[in-house]
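Each residue takes its place number in the sequence, starting with 1. All values below were derived from every heavy atom in this structure, side-chain atoms included, with hydrogens, water molecules and symmetry-related copies excluded.
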Amino acid sequence: MRRLLAGLAVGSFLVAASACGSSGGGGASDKNASSGGTTTVKVGVIPIVDVAPLYLGQQKGFYSKRGLKLSMTTAQGGAAIVPGVVSGQFQFGFSNMTSLMIAQSQNVPVKAVVNGVASTGVTGKDFGAITVKKGSPIKSAKELEGKKVAVNTLKNINETAVRESVRKAGGDPSKVKFVELAFDQMPAALDSGQIDAAMVVEPALATVKSQGATEIASSLVDVAKGLTVAMYFTSTQYEQKNPDVVRKFQEATAESLAYADAHPDEVRQAVTTYTKIPAATLAQVTLPKWPAEPNRASIEALEKLGEQDGLFKSTPDLDKLLP
């Protein structure tokens, strides 16, 4: 976290964004992004099932009927997307709530604009879980003490979630050895024994299960029931200069979330357009929830855990961050 968001200079944001594989290009205003009445907006996303509604909404014309076209660029995690949005490289981004709270606590000018994704709230039936390889002697989160556990971004939401699962199982989270690994690299690392466990989300979760891996904890559920895991956000500057584009993005995304929640088969098909998951594995993917509104109480619970883990320089101002 500190190396990704240590400085507030635009240069450091650009370096962080480009280092995470984001495409180049400057910011776009209403005027210079428009062509024939359509405004193209760049969106930083992660290649996971969470963002399927955006791809599905684009296919269904929910954005185009409002004069928007989405140009998606993938990154490893929300912490990598925040700098890209603030620097103007992206107009919108998808980020977990911890990354957004870390940024806000450091006075980084970010503003959540519309809900992203939520946990199912059901232990053993969520879209994210701590997994161990087939035959592993590890049976509970308590036994992760002294073990290597992969998360997609260090000092972030999934590390916080794993820590909470370890606590709830009676273990000491300070003894867990966290390693940073992209979600799509976790199945191979788990299978080869490079790591002892992985906090993995769909569709990689279905992949590790297809290899015989087992779940030992539903960490997002352990944080809070119905946890708001992530939201779509923009920079405060872009919101102020382009309120009409922001409003259209909010409306189109809200329609996309509702459609995704009601059409799971189409969601699975949309996932094939931006990941390489095999059809047989895709059928086993556990879909998250896409509610219209964020769950404020769950975000506050996540905030308290983040403070406990020392993630924030100061207490995040949720009134400023949330829409």
Tell me, which pairs form a ring-ring contact (aromatic ring centres under 6.0 Å, His included) where one or both residues lie in residues 265-286, sequence neighbours left out? Tyr55-Tyr274
Please name all residues satisfying side-chain contact (heavy atoms from CB on, under 4.5 Å) with Pro264, sequence neighbours left out, ordered by chain then number. Leu287
Would you mind listing every ring-ring contact (aromatic ring centres under 6.0 Å, His included) that reaches into residues 157-213, with sequence neighbours excluded? none
Report the residues that fulfil side-chain contact (heavy atoms from CB on, under 4.5 Å) with Ser235, sequence neighbours left out, ordered by chain and then residue number. Val85, Gln237, Tyr238
Would you please name every residue forming a salt bridge (Lys or Arg N to Asp or Glu O under 4.0 Å) with Lys147, sequence neighbours left out? none
In residues 253-261, what donor-acceptor pairs under 3.5 Å come from side-chain atoms, sequence neighbours left out?
from, atom 1, to, atom 2, distance (Å)
Thr253, OG1, Tyr63, OH, 2.8
Thr253, OG1, Phe249, O, 2.7
Glu255, OE1, Lys65, NZ, 3.2
Glu255, OE1, Arg66, NH1, 2.9
Glu255, OE1, Arg66, NH2, 3.1
Glu255, OE2, Lys65, NZ, 3.1
Ser256, OG, Ala252, O, 2.8
Tyr259, OH, Lys60, NZ, 3.4
Tyr259, OH, Glu266, OE1, 3.0
Tyr259, OH, Glu266, OE2, 2.8
Asp261, OD1, Trp290, N, 3.2

Output side-chain donor-acceptor pairs under 3.5 Å for residues 191-198, partner residues at least two apart or in another chain, one line each.
from, atom 1, to, atom 2, distance (Å)
Ser192, OG, Ala188, O, 3.0
Ser192, OG, Ala189, O, 3.2
Asp196, OD2, Lys148, N, 2.7

What residue pairs, at least two apart or across chains, pass ring-ring contact (aromatic ring centres under 6.0 Å, His included) with a residue in residues 103-124? none
Partner set under salt bridge (Lys or Arg N to Asp or Glu O under 4.0 Å) for Asp265, not counting sequence neighbours: none
For Ala301, enumerate each residue passing the side-chain contact (heavy atoms from CB on, under 4.5 Å) test, keeping only those at least two apart in sequence or located in another chain. Ala224
Any pair with a residue in residues 207-236 that passes ring-ring contact (aromatic ring centres under 6.0 Å, His included), sequence neighbours left out, goes on the list, sorted by first then second residue, please. Phe94-Tyr232
The criterion is side-chain contact (heavy atoms from CB on, under 4.5 Å); which residues satisfy it with Glu215, sequence neighbours excluded? Ala129, Thr131, Leu205, Lys209, Ser218
